[in-house]
Amino acid sequence: MQFGENPAAINVQGQGHNLSVESQIFSPFTIGGDMGGDIDISAQQLTVQGGAGISTASFTNAAGGNVNMDVSGLMQVDGFAPFSPSALSFIGSSTFSSGKSGNVNISTGQLRVLNGARIGAGTFGTGSSGDMTINATQSVEVIGKEPSQSVGSLIGVSTLNSGKGGNLTINTPKLIVQDGGRVDSSTVASGSAGSVTINASEFVEVDGVSSLISAGANVESEITRQIFRLPPVPSGSSGDLIINTPQLKVTNHGEVTAKNEGTGNAGSVKINARSTFLDQGGKITAATASGEGGNIFLQTESLEMRHSSQISAEAGGSGNGGNITITGFSPADFVVLLEGSKITANAFQGRGGNISINTQALFVCPECQITASSQLGVDGEIEILTPDTSTNQEVLDLPQQITKPEEVVAQVCPAERKQGQSEFIITGRGGLPPRPSEPLSSEALLSFESSPSQATKISGAQITTKPNQAQQLPAMARGWYVNSKGTVILTAASPTPIPYGSGLSSLSC
């Protein structure tokens, strides 16, 4: 490793072994007019811990070197120096002048950033920050905080001056951000923040207080502002945030945001997911303190919001609220708001944003809200698009009484009617005999109960049934007639037959 106007690159080859960096700093930096040297690391596994660092830097108008890492297995950046908690383990690139900082490129199987450690590219000067690209074949995890200062673990690109922030791209099956971890593109000064693009082929999960995926402008603590000579509030604009994944979960006050806490405008949030689940105060926001609210475009097959979760594109001060569009791929299957959840595009002095929801079904609990209002300005518009269920629908007036079986006569293949020739046959429960010339079997005979007192009785919760007692069969019916109410009456006598016509036409057999 050399330092000077043309520093050489650092090449570390693991040669099939694990590489552990602890309490060391690898940092070629640019102090001349040429581009700084790169850092190239290749290993099966890489661990950076105990406050160790791997970085490049530029102090001139020349660009800083790149950091390139190819780790086939686990790559882990963990914790801080034991006797100096402010010395966090890190991998990154930076610029302190007008030169652009180098890019950070990581290819690995699994990437873990734990306990306040960080991977980043940033600018402390007027030069632009480099970009960061992470390709992980298994997963990316950003979990936990440094305990003494509550500094969250970070994968991010940033600007702390007038230089423009870089862009962050993560390609992985699974992205997990928990317990205060952050995936972030930010500005804390006048420079504009870069964009964040996440492509996760399985899922993205943001869980826990202060856990976030962000492209924003943030107000830092007073101590941090004094150290880096930052303004009280940032004036740079937020970048855009894009997430493409089958499943997005934001829970336990986690947040996906492109908000701006300064005077600049918020960026836009664009999410493409088959299912989106927000729970226990989870948020998707594109809000501002005083600038124009950002837009939220959520394309999802299902959106479920529970326990005070929120989707917000609000604007404070004189800014207008951003627009919120929720739709599916043809359209959303359903949108559910439960337990006080909210979708808001409100403003203070400016105009409220517009909200458009295109879904097959919308369920909103009584205490939930969908609002696009302005406290001092003009309210926005809310448009709910659902299928028209009233088309070609008829109101059917159903009868109040059940039709008696004897009042329904089948009109299928009626026998030929001849005066004086009528026939009605009771076969009993046993059905027809084997041959027409044989009598019915005993199972086909009907038994009659002697009196109503022998019927089933129901008293309270107890049900009792008295056994049936078989009696002598009544005389065989020899004729039938229809009374004045239209009921067919069987009779043992043979009344004089009267021709009867139903007025119904016979169906063709």
Side-chain angles (χ1 to χ4, degrees), residues 198 200-207 213 241-258 268-287 293-314 321-347 352-374 379-398:
I198 296 171
S201 59
E202 295 186 21
F203 66 82
V204 173
E205 180 178 327
V206 184
D207 179 70
I213 299 175
L241 173 59
I242 302 171
I243 298 178
N244 301 305
T245 185
Q247 183 179 17
L248 173 63
K249 294 178 62 177
V250 187
T251 56
N252 297 315
H253 302 282
E255 189 170 1
V256 173
T257 180
S268 297
V269 176
K270 300 177 182 179
I271 298 173
N272 299 297
R274 285 203 299 267
S275 67
T276 304
F277 179 65
L278 280 67
D279 193 16
Q280 298 293 345
K283 295 181 180 180
I284 298 175
T285 62
N295 298 322
I296 296 176
F297 183 81
L298 176 57
Q299 187 173 25
T300 182
E301 293 182 1
S302 63
L303 170 61
E304 185 176 354
M305 303 174 61
R306 303 198 61 182
H307 299 106
S308 302
S309 297
Q310 186 174 359
I311 296 178
S312 172
E314 298 185 347
N323 299 323
I324 299 176
T325 301
I326 299 174
T327 185
F329 298 93
S330 63
D333 291 340
F334 61 85
V335 174
V336 178
L337 281 73
L338 300 174
E339 295 122 354
S341 298
K342 300 178 181 180
I343 298 176
T344 59
N346 301 333
N354 299 324
I355 298 176
S356 175
I357 301 176
N358 183 11
T359 180
Q360 296 279 2
L362 174 64
F363 304 92
V364 182
C365 71
E367 65 271 19
C368 298
Q369 296 181 10
I370 299 178
T371 60
S373 63
S374 177
D379 292 345
E381 297 181 355
I382 298 176
E383 181 181 37
I384 308 295
L385 302 175
T386 55
D388 185 4
T389 58
S390 63
T391 303
N392 297 326
Q393 297 294 318
E394 297 180 359
V395 178
L396 300 178
D397 188 10
L398 300 176

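Here the structure is a predicted model, which is why all the values come from computation and not from measurement.
Between the side chains of Ser373 and Asp379, not a single donor N or O lies within less than 3.5 Å of an accepting N or O. Between the side chains of Ser302 and Asp333, no donor-acceptor pair is found at a separation under 3.5 Å.
Put simply, the side chain of Thr359 reaches to within 4.5 Å of the side chain of Thr386, judged on heavy atoms. Annotation: side chain of Ile213 is in contact with side chain of Leu241 (closest heavy-atom distance under 4.5 Å). Between Phe329 and Gln299, the closest side-chain pair of non-hydrogen atoms falls below 4.5 Å. Between Glu301 and Ser275 the shortest side-chain heavy-atom distance does not fall below 4.5 Å. Between Gln310 and Thr344 the shortest side-chain heavy-atom distance falls below 4.5 Å. Considering only heavy atoms from C-beta on, Thr300 stays 4.5 Å or farther from Leu248 through its side chain. Within the 4.5 Å cutoff, the side chain of Ile357 has no heavy atoms near those of the Leu303 side chain. The shortest distance between side-chain heavy atoms of Thr327 and Phe297 falls below 4.5 Å.
Between the CD atom in Gln247 and the OG1 atom in Thr276 there is a gap of 9.0 Å [rounded to 0.5 Å]. Lys283 NZ to Ile311 CD1: the interatomic distance, rounded to the nearest 0.5 Å, is 12.5 Å. We find the CD-CG distance between Glu304 and Asp279 to be 8.0 Å, quoted to the nearest 0.5 Å. The distance from the OG atom of Ser341 to the NE2 atom of His307 is 8.5 Å, given to the nearest 0.5 Å. Residue Leu278 holds its CG atom at 11.5 Å from CD of Gln280, rounded to the nearest 0.5 Å.
Scanning both residues, Ile382 and Ile370, for their nearest heavy atoms gives CD1-O, 3.2 Å. In plain terms, the two heavy atoms of Ile343 and Ile324 that are nearest each other are CG2-CD1, 4.0 Å. Smallest separation of non-hydrogen atoms from Ala313 and Gly294: CB-O, 3.4 Å. Across all non-hydrogen atoms, the minimal contact from Cys365 to Gly340 is SG-N, 3.7 Å. Taking every heavy atom of both residues into account, Ser309 and Gly281 meet most closely at OG-N, 3.8 Å. Smallest separation of non-hydrogen atoms from Ser374 and Gly352: CB-N, 3.9 Å.
Residues satisfying the side-chain contact (heavy atoms from CB on, under 4.5 Å) criterion with Asn295, sequence neighbours excluded, are Ser268, Asn323.
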For this session: Could you check Glu383 against Asn354 for side chain to side chain contact (heavy atoms under 4.5 Å, CB included), going step by step and ending with a plain yes or no?
Result: CA-CA 8 Å; Glu383 181 181 37; Asn354 299 324; over 6 Å; no
Problem set entry | Verdict with reasoning, Phe363 to Leu338, per side chain to side chain contact (heavy atoms under 4.5 Å, CB included) | CA-CA 8 Å; Phe363 304 92; Leu338 300 174; 5.7 Å; no
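The side chain to side chain contact (heavy atoms under 4.5 Å, CB included) test with Val335 singles out one residue from Leu362, Leu298, Ile384, and that residue is Leu362.
Residues Glu339 and Arg306 are paired through a salt bridge, judged by an N-O separation under 4.0 Å between the basic side chain and the carboxylate.
Under a cut-off of 6.0 angstrom, the local environment of CD in Glu381 is sparse, with at most 12 non-hydrogen atoms contributed by other residues, nucleotides or ligands.
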